[in-house]
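Index from 1, following the sequence. One-based numbering, in listed order, for ligands and for the atoms of each. In this text, all values refer to a predicted model and were calculated from it rather than measured experimentally.
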Amino acid sequence: MKQLLCKEDYLQEIARSRDRRMSWWREARFGMFIHYGPYSQVGRNEWAMVLENMPVEEYEKLADTFSPEPGAPREWAKLAKRAGMKYMVLTTRHHEGFSLWDSKVNPYNSVNYGPRRDIVREFVAACREFDLKIGFYSSLMDWHHPDGWRCAFESEARLRFNRYIEALNTELLTNYGPIDILWYDVARPMEFWEGWNAVEMNQHLRALQPNLIINNRSLIPEDFSTPEEHLSAAENDWEACMTFNGLSWGYVDSAQARNYSYNAQRILKMLNTCCKSGGNLLLNIGPNPDGSVPAEAVEPLSTVGDWLQENGRAVYGRMVKDVKVGGNGGCDATYDGKNVYLWYWLWPSSGEMSVGGYMAAPKSVRFLKDGAPIDFVHDGRRIILKNLPRQPPDKIAGVTVIAMTFDRDPNYVFANRYPQLHGGKAYGE
Ligand code: GLC
């Protein structure tokens, strides 16, 4: 076994291999988060056990009645693929402490109870079938294990609990072939990485999966940040995780949740916000109690997938992180270093519009979906697009992307804030 490194050396070592390990992730942009477990039957948030103060023995009954339909994970993966997502992250064990796999260290699992099947194995097979990268969410907090709380104040319990958490993740990272992401969550009740033995634990786990990507929730920065329910860029690699409805990660009644749920346009808007600041979007669905996909997610995700078929080049791949290019009031821009993609949320009915701030002329301007050229003139500090259709050309989601290709720096200067200063001329004229 490799000698263990101290925290500083460990962080340096993983930084050195990061570009290699993260290259697919940085281009993937869009993934599906799945929150599924016995809590899905309650339908009142995956925190129900705590929020409703249910005694462990009462809550455990949910393990017996937990009955995912055979093939449910395949339906998730099929929808993720259809939506243009590139990876999935499953809650293999949420805070309730129930393992969705054939665990030898946690008897409270889906093979001993309820379905009597290894759901993680089904999930992994489904991801592989649809060529999706595989992520395992793993809670640190545990409301079922007796040491899950004692670890905060009893050193023996802490050591036992450290070993337990590592053993769970060792199973996950040993028994299912290559795994791409380990997604920790909620480091409570111990509030420091030392309490979780995170530096040592993560080194042990990485030794099992040399390409593993780990998120920042074991209280050391690791590979990427995880803004939750907001789309704020971080300095390092980042992935925003978002519920589908702003209400719950776990299943809630579809008919009621529908009104709070994202439509295709809102999802594309989120994706744009992530892409233009170099982040990924991990969008959650909380499957129904039987594991089927929640009805309200199907149409929006399918529409997004259709749209990405035509407009994926504005999303996937490396985008310039701090976009120094802009659009106008109807759109937001992403930029891959050569092409500026203008995502039109609001399409002008006037047949003409102008995009300000570009001091260099583009080589070409066209619709991304079919390459049809767009007439334009460059007049020194703006690009005037002409003879545009009066209706939004995108028929899938009403979000039209215009691609402007530059063979040099677009030389973008954010608007001329005081047009009168320049007498209508460009800077330097
Ligand atoms: C939270 C919640 C949890 C959810 C997670 C997803 O911290 O505790 O229920 O799984 O966020 O990011």
Next on the checklist: Could you check whether K276 makes a cation-pi contact with Y335, meaning its NZ or CZ is under 6.0 Å from the centre of the six-membered ring and within 45° of the ring axis?
Outcome noted: no
Item to check | cation_pi(K133, W24) dist<6.0 Å, angle<=45 | outcome: yes
Item to check | R74/E122 ion pair, N-O < 4.0 Å | outcome: no
Checklist entry - Between G329 and L346, which heavy-atom pair has the shortest distance, and what is it? => result O-CD1, 4.3 Å
Checklist entry - Only one of L282, V89, I34 forms a side-chain contact (heavy atoms from CB on, under 4.5 Å) with Y137, so which one is it? => result V89
Next on the checklist: Taking D336 first and then R318, would you say they form a salt bridge - that is, a charged N and a carboxylate O separated by under 4.0 Å?
Outcome noted: no
Next on the checklist: Tell me which residues fall inside the under-4.0 Å heavy-atom shell around ligand 1.
Outcome noted: F33, H35, E46, W47, H94, H95, Y137, W183, D185, V186, R217, E228, C241, W249
